[in-house]
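Accompanying notes for the structure given below.
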Amino acid sequence: KNGIQRPKGYTVSYHANPEMEKMHFGPKHPMKPWRLTLTNKIVLAYGMHEAMDLYIPRAATSQELKDFHREDYIEFLQRVTPTDNTWDPESGQYLFNTGDDCPIFDGLYNYCSLYAGASLDAARKLTNLQSDIAINWSGGLHHAKKTEASGFCYINDIVLAILQLLLHHPRVLYIDIDVHHGDGVEQAFWSTDRVMTLSFHKYNRAEFFPGTGALDDTGPLRNDSPGAHHSLNVPLHDGIEDDQYIKLFQDVVRPCVRTYQPTVIVLQCGADSLGGDRLGCFNVNIKAHGACVGFVKKFGLPMLVLGGGGYTARNVAKAWAYETSLCIGAEVHPNLPAHTPYLEHFGNEKTLFPKLDSTNRYENKNSRVYLESVVMGIMEKLRYLQG
Ligand code: VJV
Ligand code: CA
Ligand code: ZN
């Protein structure tokens, strides 16, 4: 009925299991799986589903989760309930780093295996060539470690998806535009040259989670390890603006692709890098966030598109719906369709591209000279990879 057509010459798949959207981390916890419902409502209201292959993926099996995570940790997630006493008197901590950031809630294991299952499903659609761009907005949970939860993340669906891609691809480029450092993915692939990880994030070792991801952070590696120079970090300060962010992203990603020559790209689209986010501190608008997705798409490589953080739900939903439209190459009207359900949640903002109001702006602490020095630092690392 409206003009959203299937893209010509390539296939986009959308992987979403509505069962996980009902989960609750607990009152006042910033992570709201319900933002995915809001995203899907906008995607459907525009008619974008007509242009994609839609899948309701099955949950990942415990065996699949153990391809990265340690058995005892998975078994803990499988059996633990909110009423268990998970306090370990010996270490004086909750088991496997659960607690305030990573609470034990009802349906936790179901939630984890569903978002991981969706990322695995998306990766498999890429490897069996049924899809060229595969989208899972419920994934992108980049902090989870082999043996513990971290920063709202329990299972690292990104690592699992990349392991799947590595069965068919020689080189995977992972790009992470969540406002937080993609430490779990970086760590998992520290020792290999078959994955290059590149994270853009707010960096402040003492004050901003997780405190890693400085420009010269190379992990525990020796310079002669195969993985050396394959974890790249773009540390940023508060308040970065649209034009700066877009230029920086392009100036960094372009030489990474040229030098590393990946055969597939995984893009984590954490929406907490948007201005006005409850946890974020940048001034990036939805169009600029989307411009990163559009830029990566132009390389024409198979692409796995994932969600991540994002704590002001109405903005998250608009950004990911807009980025879905970019993936299918559809022009969408800048106003939400009148029949969009939950329109009341968008307040007076019926536009897909709300203006960041001045009360939500952070003072920009990123000078031109600073950003140039970051690009130089990245270029220096890339020189090690040439011949
Ligand atoms: O900064 C931290 C760690 C603390 C200890 C735990 N307290 C609760 C907070 C400070 C040092 N954690 C960060 C984790 C951010 C995770 C981001 C995840 C992603 O976007 O990168 C990928 C999905 C943090 N920042 C803010 C909070 N935690 C926070 C947690 C809460 C909360 C308010 C803020 C947990 C429960 C409740 N309120 C009720
Ligand atoms: Ca990041
Ligand atoms: Zn984040």
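Hydrogens, waters and symmetry mates play no part in the numbers below; they use all other heavy atoms, side chains included. Remember, it's 1-based here, ligands and their atoms both numbered in the order they're listed.
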Using 3.0 Å as a strict upper limit, say whether an N, O or S atom of [X] approaches the Ca ion (ligand 2) that closely.
X      : value
Phe200 : yes
His180 : yes
Ser199 : yes

Minimal heavy-atom distance between Phe96 and Asp72, with the atoms involved, is CZ-O, 3.9 Å
Flag the pair [X] and [Y] as a salt bridge only when some basic side-chain nitrogen lies within less than 4.0 angstrom of an acidic carboxylate oxygen.
X      : Y      : answer
Glu75  : Arg79  : no
Asp243 : Lys247 : no
Glu241 : Lys365 : no
Arg205 : Asp217 : no
Asp242 : Lys287 : no

Does the ring center of His345 lie less than 6.0 Å from the ring center of Trp34? yes
Heavy-atom protein neighbour under 4.0 angstrom from atom 11 (C) of ligand 1: no
Check whether any heavy atom of [X] sits under 4.0 Å from an atom of ligand 1.
X      : value
Phe25  : no
Gly270 : no
Pro27  : yes

Show your reasoning for whether side-chain hydrogen bond (donor to acceptor under 3.5 Å, both in side chains) applies to His181 and Asn233. CA-CA 8 Å; His181 175 221; Asn233 286 303; 3.0 Å; yes
Checking heavy atoms under 4.0 Å, the part of Leu279 that sits near ligand 1 is side chain
Within the 4.0 Å heavy-atom cut-off, what Asp100 brings close to ligand 1 is both
Discussion item. Under a 3.5 Å cutoff, is there a donor and acceptor pairing between the side chains of Thr312 and Asn315?
Written reply: no
Self-check item: Distance-only polar pair, side chains of Asp176 and His142, donor-acceptor under 3.5 Å
Solution: yes
What protein heavy atom sits nearest [atom], and how far off is it?
atom                    : result
atom 31 (C) of ligand 1 : Pro30 CD, 3.6 Å
atom 20 (O) of ligand 1 : Tyr311 OH, 2.5 Å
atom 4 (C) of ligand 1  : Asp101 OD2, 4.2 Å

Restricting Asp178 to its N/O/S atoms, the closest one to the Zn ion (ligand 3) is OD1
Counting backbone and side-chain atoms alike, does His180 have an N/O/S atom under 2.8 Å from the Zn ion (ligand 3)? yes
Looking only at non-hydrogen atoms, the one of Cys153, Gly182, Gly151 nearest atom 18 (C) of ligand 1 is Gly151
Quick note on ligand 1: atoms under 4.0 Å from a heavy atom of Met31 include exactly 23 (C)
Answer key: the N, O or S atom of Asp178 nearest to the Ca ion (ligand 2) is O
Of all the N, O or S atoms in Asp176, the one nearest to the Ca ion (ligand 2) is OD1
| message | Would His29 count as being in polar contact with ligand 1, using the rule that some N or O on each side must be under 3.5 angstrom apart? | response | no
*asked:* Evaluate Arg278 for polar contact with ligand 1, using N/O atom pairs at a separation under 3.5 Å.
replied: no
side-chain contact (heavy atoms from CB on, under 4.5 Å) with Met196: of Ile265, Val172, Leu382, only one passes, and it is Leu382
